[in-house]
Amino acid sequence: MNCLRLTQFPKRCVSTRFPSLDPKLNNTKTPFSSPNSTYTTLNSHTFDTPTISQLIAKQHWSKLKTIVKETNPGSLLQHLFNSEAQPDLILSYFKWTQKELGAIYNVEQFCRLLHLLANAKNYNKIRALLDSFAKHAHYSNSIIFHSLSVLGSWGCANSIIVDMLVWAYVKNGEIDLALEGFDRAGDYGFRLSALSCNPMLISLVKEGRIGVVESVYKEMIRRRIGVNVVTFDVVINGLCKVGKFQKAEDVVEDMKAWGFSPSVITYNTVIDGYCKAGKMYKADALLKEMVAKRIHPNEITFNILIDGFCRDENVTAAKKVFEEMQRQGLQPNVVTYNSLINGLCINGKLDEALGLQDKMSGMGLKPNVVTYNALINGFCKKKMLKEAREMLDDIGKRGLAPNVITFNTLIDAYGKAGRMDDAFSLRGMMLDIGVCPNVSTYNCLIVGFCREGNVKEARKLAKEMEGNGLKADLVTYNILVDALCKKGETRKAVRLLDEMFEVGLNPSHLTYNALIDGYFREGNSTAALNVRTLMEKKGRRANIVTYNVLIKGFCNKGKLEEANRLLNEMLEKGLIPNRTTYEILRDEMMEKGFIPDVDGHLYNVSISS
DNA sequence: CTAGGGTTAG
C-alpha cells in the first residue's frame, strides 16, 4: 500500500538546495553547524597531532569527542590538513564528525580532502566518498569545480576526482547532474574517462534520451576521451533502438577507424534493432555477414532472431531458427523458450505454446514469471479470462511471484471485457501482496474506462495516479486524446496536447492522428489540416496512418480530388498504401462506379477523372 | 562495464 507513496516526495529543487557562492563560505569560522551542540571557535587552541591521529586510528571516538568539544569539528579538520596527517585518518575523522556530530563542512574542505586522497592514490575511498555525496549533493557542480580548480592540480588529481564524481552521479540516478559535470569538465579542461562516460551513456540509452547520447558521444570523440568497444556498442544500441540505422552504421565505421572490430555483441545489437523495426531482411543479411566474417552467432543471436520472426508473424521461420541453433550445438535457454512461447501466444497458437512449456520443463528448464506472463497474455488474447486468472494462482503455487506485468496483463484483459470491477479487485490484490502499480497499470485501467465511453472516470483515475506520484506518460495522453476525439470533444483533446508540451512530452504520430481524425469527424477539415501542419513543425512527418486519416476525412466530405492528391503525395514520399488505405478508397471508388485493381499502383491514377 | 524474453495507445 505504502509503496505508492514512496514516489510522492517532491522533486528536489536545484535552485534552493545548493549553497550559493557566498564569500562567507570561505570563512573558516562558519564552515559547519551542529544542531545539538554549541561549539565555539577556538582558533588559538593547540592540538597534539600524533595523539589525535592515534585516537582516530584506534577509533577512540569518545576521547576524541571531548577534544572536539573544546573547539569545533571544522577547526580540528583544518588542523589535520595543516599538520599533514594521513589522508585515511582525516577521512575517518570527516565521516565520523558528519555522522555523529552532524558536522557540515564547506566545499573547500570537502575538495581538499578529495585532493589528499587522490594524491595518496586512495581511489576506492574517493569513489565511496563521492558515492555518498551524490546521494545528497549538498554542493553544486559549479562550486565543486571552482573549488577544485582553485586548489590546483598535482598530476591529474582533479580529472580523476571529477571522473569519479560523474560516475557517482550516474550510479545514484542523477543523470542530469552527471551531464552537467561532463559539460563542466570540458570547460575546465578536466579529462574524463570511459569509466564514467560509458555508464552515463548506458543510463541515457535506458532513459531513451538518444539525442543526448549522440551529442555526448561526439563530444567524447572530440575531447579524445579514451573510448573503448563498450562505448561504441552502447551508442550503436541507442541509435538502433530509435531506428537511426544509418547513424548506427556510421558509428560502426567510427569504431573500425579507432581500431576496434565489431564483435558478436555489435552484430547482435544491430540485428536486434532491425528485428524490432520489422526489417527481418536486414537482420538476415547481417546474420550472413557475421558468419562470413567468422564471428560466431551465440544463443543471444538466435534468441533475437526467434523473437524477431515471431513479431513478424512468421512462427515457421522462428521454429526453423530454433532447430538451427541446436544443430549448431547451442542449447536453447529459458529466454529462447520464452521468446518462442510468447511468439506462439501472440500469433494465436496457444496450444503449441503450452506444449512448449511442458517441453522446456522436460529439458530441465524451469518456466519463470516471464513464461507465465506470456501464457497469461495468450489466454487473454483468446478471451479465456478464467484460464488466465487461474494461471495467476499457478504462479504462486510454483513458488514464483507474479509481478506488475502479470497484473497489468490481466487488468487490461478485464478492462477490454468490460469487467472493470474485476480489474479493480486485481489492483487491490496487487497492493495487498506488495506489487506496486505503475503507469502501465493505470493506463490499462484508464483505457478500460475509455472503452465504455467513460472519459470522465478515466481522467479522474489519471488525476489519482498523479496524486500517487506517478506521472502520466505518452501512452496515458494518447489514450485520453484518442477517447476524447472519438467522443467528439476534440477541443478538450487539444488542451491535453498543450499539456503534453508543457510537461515536456513529445506527442507521437498517434496523438496527432487522433486529433486529425477528431476534427474531421466534427467536419472541421481546416482545423484537421492545421494539426497536420503543427505535427510537421514539431518534427513528426506524416506516416501511413496520418495519410489514411486524411484521405478518409476528405473522402467522407466528398472531396475526392483532395483525397487523390494526398494519395499521390504519400506515394511520392515512398509510403506504401496499406490495406486500410485500400479499403477507404475502395468504398468511394465503388460508389463512383470505379472497379479497383489489385495492383498497388492503381491509386496513382486519378480517382475523380 | 555493452547484446536477448513478458503488459498499456493503434
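Reckoned from all heavy atoms, side chains included, excluding hydrogens, waters and symmetry mates. Chain naming here is simple, since letters A, B, ... match the order of the sequence lines and numbering starts at 1 in each.
- Of the candidate nucleotides dT7(B), dT8(B), dT2(B), dT7(B) has the atom lying nearest to any side-chain atom of Asn342(A).
- In this structure, the nucleotide among dG10(B), dT8(B), dG6(B) sitting nearest to the side chain of Val475(A) is dT8(B).
- Nearest to the side-chain atoms of Ile265(A) among the listed nucleotides dA9(B), dC1(B), dT2(B) stands dT2(B).
- Note: CG (Leu287(A)) to P (dA3(B)) measures 20 Å, nearest angstrom.
- Nucleotide dT7(B) holds its C1' atom 12 Å from the CD1 atom of Ile346(A), rounded to whole Å.
- The Asn298(A) side chain lies nearest to dA3(B) when the options are dC1(B), dT8(B), dA3(B).
- In this structure, the nucleotide among dA3(B), dC1(B), dA9(B) sitting nearest to the side chain of Val447(A) is dA9(B).
- Residues Val170(A) and Ala178(A) share a closest heavy-atom pair of CG2-CB, 3.7 Å.
- With distances taken from any side-chain atom of Asn377(A) to the nucleotides dG6(B), dA9(B), dC1(B), the minimum falls on dG6(B).
- Contact between the side-chain N/O atoms of Arg311(A) and the OP1/OP2 oxygens of dG6(B) is found at a separation under 4.0 Å.
- With dA9(B), dG6(B), dA3(B) as the choices, the nucleotide that has an atom nearest any side-chain atom of Asp307(A) turns out to be dG6(B).
- In this structure, Asp163(A) atom CG and dC1(B) atom C1' are separated by 13 Å, rounded to whole Å.
- Note: CG (Leu480(A)) to C1' (dT8(B)) measures 12 Å, nearest angstrom.
- Nearest approach of Phe302(A) to Pro297(A), heavy atoms of both residues: CE1-CB, 3.9 Å.
- Remark: C1' of dA9(B) and CG of Leu484(A) are 14 Å apart, rounded to the nearest angstrom.
- Among the atoms of the strands shown, base atoms are found under 4.0 Å from some heavy atom of Asn228(A).
- The nearest whole Å value for the distance from the CG atom in Asn333(A) to the C1' atom in dG6(B) is 15 Å.
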Exercise for the section: Using the side-chain contact (heavy atoms from CB on, under 4.5 Å) rule, take Leu375(A) and Ile341(A) through it: C-alpha gap first, then chi angles, then the decisive distance, then the call. Expected result: CA-CA 7 Å; Leu375(A) 290 167; Ile341(A) 287 172; 3.8 Å; yes
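- No N or O donor and acceptor, one from the side chain of Asn443(A) and one from the base of dA9(B), sit under 3.5 Å apart.
- Using a 4.5 Å cut-off on side-chain heavy atoms (C-beta onward), His509(A) and Val545(A) make no contact.
- Across the protein-nucleic acid pair, Met255(A) atom CE and dA3(B) atom P stand 14 Å apart, rounded to whole Å.
- Closest approach to the Lys241(A) side chain among dA3(B), dT2(B), dT7(B) is made by dA3(B) (side chain taken as heavy atoms from C-beta onward).
- The phosphate of dT2(B) has neither OP1 nor OP2 within less than 4.0 Å of any side-chain N or O from Lys206(A).
- Base engagement by Leu510(A) is indicated by at least one non-hydrogen atom pair under 4.0 Å involving a base atom.
- When distances run from any side-chain atom of Ile405(A) to the nucleotides dT7(B), dA3(B), dA9(B), the shortest one goes to dT7(B).
- A donor and an acceptor atom sit less than 3.5 Å apart, one in the side chain of Asn403(A) and one in the base of dG6(B).
- If you check every strand for non-hydrogen atoms under 4.0 Å, Val205(A) touches nothing.
- Aromatic rings from Phe407(A) and Tyr414(A) are positioned such that their centres are separated by 6.0 Å or more.
- In this structure, the ring of Phe449(A) has its center less than 6.0 angstrom from the ring center of Phe424(A).
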Practice task
Would you sort out whether Asp393(A) and Lys397(A) count as a salt bridge (charged side-chain N to carboxylate O under 4.0 Å, His left out), showing the intermediate values?
Solution key: CA-CA 6 Å; Asp393(A) 298 327; Lys397(A) 284 181 198 143; 5.8 Å; no
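- In this structure, CG of Asn548(A) is placed 16 Å from P of dG10(B), rounded to the nearest angstrom.
- An OP1 or OP2 oxygen of dA9(B) is reached within less than 4.0 angstrom by a side-chain nitrogen or oxygen of Lys416(A).
- Of the candidates dA3(B), dT7(B), dG6(B), the closest approach to any side-chain atom of Val369(A) belongs to dG6(B).
- The residue Asp412(A) sits close only to the backbone: its heavy atoms come under 4.0 Å of sugar-phosphate atoms, none of a base.
- Side chain Ser440(A) to base dT8(B): a donor-acceptor pair is found below 3.5 Å.
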